[in-house]
Amino acid sequence: MLDPKVLRADPRAVAENLARRGFVFDAAAYAELEAERKAVQSAAESLQAQRNTLSRRIGEARQQGENAAELMAQVSELGDQLKSRQAALASIRQKLDAWLVGVPNLLDSEVPDGKDPKDNLELRRWGEPADLDFEPLDHVQLGERWGLIDTQQAAAMSGARFSVLQGELALLHRALTQFMLDVHTRRHGYQECYVPYLVNAASLEGTGQLPKFREDLFALDGEEHFLIPTAEVPLTNLLRDTILEAPDLPWKKLAHTPCFRAEAGSYGMDTRGLIRQHQFEKVELVLAVRPEESEAALEELTLHAEAILKELGLPYRVVSLCGGDMGFAAARTYDLEVWLPSQKTYREISSCSNFRDFQARRVKARFRPGPGEAPQLLHTLNGSGLAVGRTLVAVLENRQCEDGSVRIPECLEPWMDGVTRLGAAE
RNA sequence: GGAGAGGUGGCUGAGUGGCUGAAAGCGCUCCCCUGCUAAGGGAGUAUGGGCUGAUACCCCAUCGAGGGUUCGAAUCCCUCCCUCUCCGCCA
């Protein structure tokens with residue numbers, strides 16, 4: 001949620017900023033509604049103040065045994081006026097709130113202009129795509145070659161966009177997860193959390209998935225609960241209504257969870273393989289920092305995610321998302337894109353964002369700068385470190401050999417039970 | 001799922017209709033005293049909103065949430081949520 005004070009102070013600047021992401025903000029209409037709110041609120045509050053004083057006097061008069069009938073008559077008159085003002089105020093408030101929760105975050109000034117992914121700005125590349133002297137297979141072909149991936153059975157039991165992994169492939173999937181968890185907890189200082197996979201609507205509002213992106217979610221028992229689309233939701237909601245003390249910062253948490261996405265509106269996109277599934281695993285990093293530290297924290301967070309790709313020896317690039325491609329709650333986002341030989345292109349494998357105080361305001365996540373000082377909103381950030389399914393795809397495709405076997409990255413050795421090459425047994 | 005108890009400030013915990021935004025204690029901050037340590041004394045210490053040049057006053061709201069009764073509600077009534085205890089069930 002945007003700071004209402006900023007909105008009031010300079011609605012036109014807000015409108016200009018939001019226009020960069022293709023969002024139309026009607027500053028004039030907002031200002032009008034806001035002015036109305038102010039007038040009605042002042043009127044209502046002064047009536048309340050009158051009622052309070054008179055009521056107090058009634059109490060005093062009674063205690064002294066005086067007759068308070070006249071005072072009571074006065075307050076009764078106020079009552080009706082008050083009720084109508086309060087009702088008016090409530091309805092304006094509701095309108096304003098409904099509006100406000102639908103307004104995306106302001107973009108950082110560094111966010112590149114642009115409408116779609118083509119306009120994203122490449123910041124850097126790491127690693128060289130292998131120069132293969134054979135035609136690479138894609139990950140589905142590789143998996144099927146060894147009988148370790150089964151999309152038919154998955155489709156039969158669940159439908160499209162699900163998959164079954166078996167044997168060494170399932171082991172590799174688990175090894176990747178363990179590897180990521182260990183690197184981030186031991187080397188990067190995140191605390192691991194086990195969190196609910198079902199959350200309520202309020203939690204999703206806190207992080208910005210609701211109310212606008214309902215169609216991307218899976219709902220259960222009549223919208224009482226939703227399957228989490230990312231661990232960002234439960235992790236960020238750990239901060240709800242809390243005030244962290246200065247020594248608790250930076251606050252760094254991590255969780256490995258399944259993620260569930262309805263993928264509405266992606267018909268026909270990435271229908272093959274593991275790239276776009278209704279269910280996938282992800283190791284998610286979330287941090288909360290002092291406002292002045294969030295820019296640096298985004299750089300660091302991105303490096304944490306990059307570290308995984310480097311260790312796995314997967315070529316990638318970092319892009320800064322342009323205004324039109326940015327998510328609803330983010331002020332700035334860096335995507336990590338890994339090289340996929342079969343597609344001869346870089347594909348998103350991680351997304352690292354600075355939300356500034358946008359989420360913090362919604363979940364009331366604050367910190368106390370010093371003892372006795374007033375609490376301030378935190379800045380929150382999160383990034384995938386990484387999406388496990390897509391990492392699996394990248395490992396398969398980038399480390400394949402001509403015979404279709406796949407060299408397992410050395411860093412995964414502790415979890416691979418002696419398997420160094422997928423398909424070597426044949 | 002059944003029965004019961006309960007949800008008050010950073011914490012513990014008073015408070016059954018009016019001067020209680022909330023006693024007391026703890027914690028925390030500042031000051032004083034004490035030649036160290038320990039102890040002692042004093043003051044302060046919720047959040048959001050309105051107003052404002054103001055993080056000063058003043059005003060409004062908030063004692064799990066939402067409704068209601070009343071001139072007036074932390075206190076009474078209704079609905080919901082959550083927590084705890086016992087029983088049942090269960091990985």
Side-chain angles (χ1 to χ4, degrees), chain A residues 1-10 30-31 33-101 194 196-206 220-226 234 237-249 251 290-292 357-378:
Chain A
M1 200 149 84
L2 295 185
D3 186 349
K5 282 178 189 153
V6 170
L7 267 176
R8 267 174 244 158
D10 201 348
Y30 174 80
L33 196 56
E34 177 54 25
E36 198 184 339
R37 189 221 94 226
K38 212 176 216 184
V40 176
Q41 181 169 338
S42 294
E45 285 190 357
S46 81
L47 278 174
Q48 280 172 315
Q50 285 180 54
R51 183 204 59 191
N52 289 348
T53 355
L54 287 175
S55 292
R56 211 168 297 140
R57 263 193 235 143
I58 292 172
E60 286 162 13
R62 282 247 176 111
Q63 274 183 348
Q64 282 159 31
E66 293 166 18
N67 190 328
E70 196 180 320
L71 283 169
M72 284 172 68
Q74 279 182 44
V75 188
S76 288
E77 268 174 53
L78 284 179
D80 292 340
Q81 288 184 56
L82 189 59
K83 266 201 179 132
S84 77
R85 297 287 165 91
Q86 279 175 333
L89 180 60
S91 104
I92 293 173
R93 275 249 162 85
Q94 208 170 14
K95 258 192 241 171
L96 274 172
D97 286 349
W99 191 341
L100 220 47
V101 292
Y194 174 78
Y197 303 157
L198 264 47
V199 296
N200 58 30
S203 298
L204 288 154
E205 252 168 53
L220 282 76
D221 37 71
E223 312 235 326
E224 275 283 301
H225 294 101
F226 296 84
N237 275 281
L238 286 174
L239 292 167
R240 180 174 289 276
D241 292 322
T242 59
I243 300 176
L244 297 180
E245 297 300 327
D248 300 331
L249 299 174
W251 185 93
R290 311 171 84 104
E292 63 273 21
D357 61 12
F358 189 85
Q359 294 180 326
R361 183 169 293 107
R362 291 189 173 202
V363 302
K364 288 205 187 75
R366 294 169 297 175
F367 74 104
R368 201 178 293 282
E373 289 183 47
Q376 271 183 50
L377 289 174
L378 286 157

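Here is the naming used below: chain letters follow the sequence lines, and residue numbers restart at 1 for every chain. A quick note: this is a predicted structure, and the numbers were derived from the prediction, not measured.
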Q.
Need the pair for B:U45. Rule: Watson-Crick or G-U wobble, both distances under 3.5 Å, any strand; none if unpaired.
A. B:G27

(Q) Would you compute the distance between atom CH2 of A:Trp251 and atom CG of A:Leu239 and round it to the nearest 0.5 angstrom? (A) 4.0 Å

Q: For B:C51 and B:A56, measure between their C1' atoms and round to the nearest Å.
A: 12 Å

Q.
In the structure I gave you, are the side-chain heavy atoms of A:Val199 and A:Asn237 within less than 4.5 Å of one another anywhere?
A. no

Q: Summarise protein proximity over nucleotides 47-54 of chain B in one line of letters, 5' to 3': B for base, S for sugar-phosphate only, - for none, counting protein heavy atoms closer than 4.0 Å.
A: SSBSS---

(Q) Between B:A14 and B:G25, how many Å separate the two P atoms, rounded to a whole number? (A) 15 Å

Q) Given side chains that start at C-beta, do those of A:Leu220 and A:Phe226 come closer than 4.5 Å, heavy atoms only? A) no

Q) Under 4.5 Å between any side-chain heavy atoms of A:Pro369 and A:Arg290, yes or no? A) yes

**Q.** Min side-chain heavy-atom separation A:Asp357-A:Pro291 under 4.5 Å
**A.** no

Q: Using the C1' atoms only, state how far B:G42 lies from B:U34, rounded to an integer number of Å.
A: 15 Å

Measure all distances between protein nitrogen or oxygen atoms and nitrogen or oxygen atoms of nucleotides 70-72 of chain B, and list the pairs falling under 3.5 Å.
| from | atom 1 | to | atom 2 | distance (Å) |
| --- | --- | --- | --- | --- |
| B:C71 | O2' | A:Ser55 | OG | 3.2 |
| B:C71 | N4 | A:Arg62 | NH1 | 3.2 |
| B:G72 | O4' | A:Ser55 | OG | 3.3 |

Q.
Quick check for you: to the nearest 0.5 Å, what is the distance between A:Arg37 atom CZ and A:Ser42 atom OG?
A. 8.0 Å

Q.
Tell me which nucleotide, if any, is Watson-Crick or G-U wobble paired with B:G88 when both distances must be under 3.5 Å.
A. none

Q | Sub-4.5 Å side-chain heavy-atom contact between A:Gln50 and A:Gln74 | A | no

Q | Partner nucleotide, any strand, of B:G6 [Watson-Crick/G-U, under 3.5 Å] | A | B:C82

Q.
Roughly how many Å apart are B:A22 and B:A61, using the C1' atom of each and rounding to a whole number?
A. 15 Å

Q | Within-4.5 Å side-chain heavy-atom neighbours: A:Tyr194 and A:Pro234 | A | no

Q.
So, taking the atom named CZ in A:Arg51 and the one named OG in A:Ser46, what distance separates them when rounded to the nearest 0.5 Å?
A. 12.0 Å

Q. Whole-Å distance between B:A61 P and A:Gln50 CD?
A. 13 Å

Q: Find the partner of B:C57: check Watson-Crick (N1-N3 plus N6-O4 or O6-N4) and G-U wobble (N1-O2, O6-N3) distances, both under 3.5 Å, and reply none if neither fits.
A: none

Q: Please measure how far the C1' atom in B:G9 lies from the corresponding atom in B:U20, and state the result in whole Å.
A: 13 Å

Q) Side chains of A:Ser203 and A:Asn200: do they bring a donor and an acceptor to under 3.5 Å? A) yes

Q. What is the base-pairing partner of B:G40, counting Watson-Crick and G-U wobble geometry with both distances under 3.5 Å?
A. B:C32

**Q.** Strand-adjacent residues in residues 81-88 of chain A, judged by heavy atoms under 4.0 Å from RNA chain B
**A.** none

Q. Does the side chain of A:Gln41 pick up a donor-acceptor pair with the side chain of A:Arg93 at under 3.5 Å?
A. yes

Q) Roughly how far apart, to the nearest Å, are B:G49 and B:G21 at atom C1'? A) 16 Å

Q) So which nucleotide does B:C63 pair with, by the Watson-Crick or G-U wobble rule with both distances under 3.5 Å? A) none

Q. Whole Å only: how far is the CZ atom of A:Phe367 from the C1' atom of B:G10?
A. 17 Å

Q.
Are there over 12 heavy-atom neighbours, none belonging to A:Glu292, within less than 6.0 Å of that residue's CD?
A. yes

Q. In whole angstrom, what separates A:Glu245's CD from B:U45's C1'?
A. 13 Å

Q: Please measure how far the C1' atom in B:U8 lies from the corresponding atom in B:A23, and state the result in whole Å.
A: 12 Å

Q.
With a 4.5 Å cut-off on side-chain heavy atoms, are A:Gln359 and A:Val363 touching?
A. no

Q: Sort out the partner of B:G18 for me: Watson-Crick or G-U wobble, both distances under 3.5 Å, none otherwise.
A: B:C71

Q: In whole angstrom, give me the gap between the C1' atoms of B:G68 and B:C57.
A: 36 Å

